[in-house]
Amino acid sequence: MEAEKLKELIGKMTLEEKAAFCSGADFWHTEGLERLGIPASMVSDGPHGLRKQDEKADHLGVNESIKAVCFPAGCGTAASFNRELLVEMGRVLGKECQAEGVSVILGPAVNIKRSPLCGRNFEYYSEDPLVASEMAGALVEGIQSQNVGTSIKHFLANNQETRRMTASSQIDERTLREIYLAAFEGAVTKKKPWTVMCSYNKINGVYAAENKKYLTDVLRGEWGFDGYVMSDWGAVNDRVADLKAGLDLEMPSSMGLNDKLIVEAVKNGTLEEGVVDRAVERILNIVYRFEENRDKNAIFDRDKDHEAARRVAEESMVLLKNEDNLLPLSEERKVAFIGRFAEKPRYQGGGSSHINSHKVTSALDASAGNDNIIYAQGYGVEKDETDEALLAEAVKAAAEAEAAVIFAGLPDSFESEGFDRSHMALPACQNRLIEEVAKVQPNVVVVLHNGSPVEMPWISKVKGVLESYLGGQAVGSAQYDILFGKVNPSGKLPETFPVKLEDNPSYLNFPGEKDLVEYREGVFVGYRYYDKKKMEVLFPFGYGLSYTTFSYTNLKLDSRRIKDTEGLTVSVEVTNTGSRAGKEVVQLYVADKESTVMRPVKELRDFAKVELQPGETKTVTFTLGKRAFAYYSTQIHDWHVESGEFTVMIGKSSRNVVLQEDVYVESTVTIPVHYTTDSTFGDVMENPKAAQIVKGLMSQNMLGGSDEGGSVTSEAISGEMIEAMMRYMPLRGVLSFAGGSGVGAKELQALIDKLNEA
Ligand code: BGC
């Protein structure tokens, strides 16, 4: 609806009616108003399938929703590193929403995987903000191409489930910008989600719902967001404050309670009516965007969409180990499928994203027709303790076969929305099963079902590991086809698998003390930390194997020297050097060779997935802008590039850089320096003009006064040493040490004034 008309419509509403529009009509609908013909509009979870509830409503996945199609969860779709695939998945979800009359699907969920323990990691994409925001953006693009809205969530810094409704994420400005805001930024600025869902937690002491800085200044002011912000379910604390901060829609309905507070606040002058009008306008704008673009012919074809879910699953799995090229397996040989997840896979997580799948294909289902498969359950799913009879049966089956595939992973009770994991281990019974099977069978492959890293104490005893994440309802078909080589695996890890939990950078500060969660690792999240510390990891960020091989050649930068306002074009050739068709994820990292601020060793700045036939070569081209070289300066509150050399790296993973070239980037921005008596000589020497001014002073006998202190070229102390020592000497040091130089407080101040003018 045109803005003018919308305003006119709102003009006809009473204050009470407008206040009512600021919260839902019920659990899943926005308000409607018959008198003016305004329809109510439905929203539903999300993010990897449609959880449309009809009657009994809840936000924890307790009551049933309509039969729908469960796609792989975010943990897996991120591993595809395939934007087009997510656009396609989004299109399918968008069509389903059109068919079901859902105006906004509640996702994608982009929060950074800060700790492997976050219960909701399975819904989230990555430890890297670029991956999170690019994959989320692709899903937004696909869904919204069908004229259905998305709600990118949970804004902001909601990285754990422990005390999620009260905890405060204590994060410094630079870290927020470079990591936690960045996960949303690209998706919001480039793909324009219709809505944003604010999170439950506080950010530096202020609830997300009433955080004007992020909901308004950053989201709307800086990023140009023009949809409506809705609360997470029950995230509203102080309705009037929230409204002022930029939270338009409270969900679910406040049952009239907060409507009254809004009306009261307008009447007593503490809230401008214009703020209410603005929220209603934003909400109705989206309601009508959906209403006016309904696809009356849309149908929800569940079987067809199951096939789409299968295609996504095929790219969402990561082959982590394949010793002796044990995989792919041959259908001609006897293979033991071991583990309850082979029969009843864990393919999605618990909570608000839980889909009522219309059908599920397990690996055993997918193996129908292969008479060489034998099966043993191996373990009881929700338990840590070993069931000795199940174990014995599994070991026997494994010994009889030529290879054993163990379907392992985390049970629902270990990993879910609403609480965090307490450790990073698989159930003890599964670890023991793997060890025992490996004793009788040299050809063991472990297939994992989990939303976040697990420890693998048995890694050296098995030949193969396939990380299938939470693969959606077609999980078994994808697993089977990868195991038997009908599909060539192409996923890469969107997160680091540390050797043990204690290695994780958030370990000492997760999940915090009571309601205070200090993000003390700063920007050093995931590989940014492990690389900096040169730590051994189990599997690095960006890692994943294929049944074919790829080689990289001809890395070219279109310039060796650019200004930070110019772009840099990078191209590289990738060749499939094996004998099977396959897909490769080309990863581009940038490293600042020298910096005055603490920076990660390198950061992922772009990626592309290419499909190549055997022998085929393709050229992949990237364009890097200022942000690829920048850090966030808290001094100028903006992105800043320090002039100097940067290395552009092409990697097969974060730990396997195959080609690299340097480029000099010249900053067009000078950060103003204000010298004080505490500025050091070193600070001053960094600015050539200022350096000229103090040079004279430095050459005087600064260390120990005039005569005996020694000349700068004595045997004991060289000129270089003097300079090095002087680097940390504050300017005020002249008063104490430069006796006889004639510099007093007055002269010093005059000098500093001169420096500030230089
Ligand atoms: C979750 C959201 C979800 C909402 C509605 C909340 O508990 O945090 O992600 O969209 O419920 O079900």
Side-chain angles (χ1 to χ4, degrees), residues 23-30 41-66 68 70-71 73-75 93 97 100 102-113 118-125 132 136 139-140 143 148-167 169 183-184 187 193-202 207-209 227-237 247 249-254 348-356 415-420 451 470:
S23 96
D26 56 24
F27 222 81
W28 299 119
H29 293 87
T30 59
S41 193
M42 184 168 205
V43 302
S44 285
D45 284 306
H48 47 259
L50 192 52
R51 189 173 75 98
K52 183 185 170 192
Q53 285 188 324
D54 283 332
E55 274 147 33
K56 282 192 195 149
D58 71 276
H59 65 299
L60 292 172
V62 180
N63 293 301
E64 274 217 343
S65 46
I66 61 161
C70 180
F71 282 79
C75 52
L93 288 172
C97 289
E100 290 292 331
V102 171
S103 67
V104 173
I105 185 164
L106 304 175
V110 296
N111 299 88
I112 291 290
K113 292 172 113 174
C118 171
R120 224 170 164 179
N121 272 349
F122 70 87
E123 269 183 82
Y124 300 152
Y125 291 109
L139 194 74
V140 168
I143 294 170
V148 168
T150 52
S151 194
I152 194 165
K153 66 188 186 184
H154 310 84
F155 191 67
L156 172 72
N158 174 196
N159 309 94
Q160 64 185 55
E161 292 299 281
T162 306
R163 303 176 77 93
R164 70 168 163 163
M165 297 183 84
T166 50
S169 303
F184 290 85
W194 290 8
T195 83
V196 168
M197 186 189 291
C198 87
S199 56
Y200 288 125
N201 55 290
K202 296 173 189 160
Y207 275 112
Y228 69 80
V229 176
M230 74 173 93
S231 70
D232 197 346
W233 268 232
V236 162
N237 173 50
L247 178 90
L249 176 67
E250 172 182 8
M251 286 304 282
S253 168
S254 75
Q348 65 171 327
S352 60
S353 66
H354 199 87
I355 303 301
N356 184 5
E415 181 183 52
S416 165
E417 177 178 342
F419 58 90
D420 291 318
L470 300 184

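Just follow the structure's listing: the first ligand is 1, and inside any ligand the first atom is 1. Remember, predicted model here, so these are calculated numbers, not experimental data. The first residue of the sequence shown is numbered 1, and numbering continues consecutively from there.
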message: Evaluate Leu247 against Tyr207 for side chain to side chain contact (heavy atoms under 4.5 Å, CB included), listing each step before the verdict.
response: CA-CA 11 Å; Leu247 178 90; Tyr207 275 112; over 6 Å; no
Using every non-hydrogen atom in the two residues, find where [X] and [Y] come nearest and quote the distance to one decimal.
{"X": "Ser253", "Y": "Gly24", "value": "CB-O, 3.0 Å"}
{"X": "Trp233", "Y": "Phe27", "value": "NE1-O, 3.1 Å"}
{"X": "Ser353", "Y": "Gln348", "value": "O-OE1, 3.8 Å"}
{"X": "Gly451", "Y": "Leu470", "value": "N-CG, 4.2 Å"}

Close side-chain approach of [X] to [Y], heavy-atom, < 4.5 Å:
{"X": "Lys153", "Y": "Pro47", "result": "yes"}
{"X": "Cys75", "Y": "Lys113", "result": "yes"}
{"X": "Met230", "Y": "Thr30", "result": "no"}
{"X": "Trp194", "Y": "Ile143", "result": "no"}

message: Counting non-hydrogen protein atoms only, what is the nearest one to atom 1 (C) of ligand 1? Give residue, atom name and distance.
response: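 Of every protein heavy atom, Asp232 OD1, 3.3 Å lies nearest to atom 1 (C) of ligand 1.
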Identity and separation of the nearest protein heavy atom to atom 7 (O) of ligand 1: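 Ranking protein heavy atoms by distance from atom 7 (O) of ligand 1, first comes His59 CD2, 2.9 Å.
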- prompt: Below 4.0 Å from any atom of ligand 1, is there a heavy atom belonging to Glu123?
  reply: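 It does not, in that no heavy atom of Glu123 comes within the 4.0 Å cut-off of ligand 1.
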field: Close approach, Met251 and ligand 1, non-hydrogen under 4.0 angstrom
entry: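 Checking ligand 1 against Met251, which is what was asked, there is no heavy-atom contact under 4.0 Å.
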Heavy atoms only, cut-off 4.0 Å: how does [X] contact ligand 1, side chain, backbone, both, or neither?
{"X": "Arg164", "result": "side chain"}
{"X": "Phe27", "result": "neither"}
{"X": "Met230", "result": "neither"}
{"X": "Met197", "result": "side chain"}

What are the atoms of ligand 1, with element, lying closer than 4.0 Å to any heavy atom of [X]?
{"X": "Leu106", "answer": "10 (O)"}
{"X": "Ser352", "answer": "1 (C), 2 (C), 3 (C), 9 (O), 11 (O), 12 (O)"}
{"X": "Glu417", "answer": "1 (C), 6 (C), 7 (O), 8 (O)"}
{"X": "Arg51", "answer": "12 (O)"}
{"X": "Arg120", "answer": "1 (C), 2 (C), 8 (O), 9 (O)"}
{"X": "Tyr200", "answer": "6 (C), 7 (O), 8 (O)"}
{"X": "His154", "answer": "2 (C), 8 (O), 9 (O)"}

Nearest-option assignment for atom 12 (O) of ligand 1, heavy atoms, candidates Asp45, Ile105, Asn158: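 Nearest option to atom 12 (O) of ligand 1, by heavy atoms: Asp45.
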field: The single option from His154, Met251, Met165 passing side-chain contact (heavy atoms from CB on, under 4.5 Å) against Asp232
entry: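 Running side-chain contact (heavy atoms from CB on, under 4.5 Å) over His154, Met251, Met165 with Asp232 returns exactly one hit, His154.
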task: Taking Asn356 for its side chain and Ser65 for its backbone only, find out whether a donor-acceptor pair lies under 3.5 Å.
output: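 Yes; at least one donor-acceptor contact below 3.5 Å.
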field: Any N or O of Trp28 closer than 3.5 Å to N or O of ligand 1
entry: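 It does not: no N or O of Trp28 is found under 3.5 Å from an N or O of ligand 1.
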query: Are any of the N/O atoms in Lys153 less than 3.5 Å from those in ligand 1?
result: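 In this structure, Lys153 places an N or O atom under 3.5 Å from an N or O of ligand 1.
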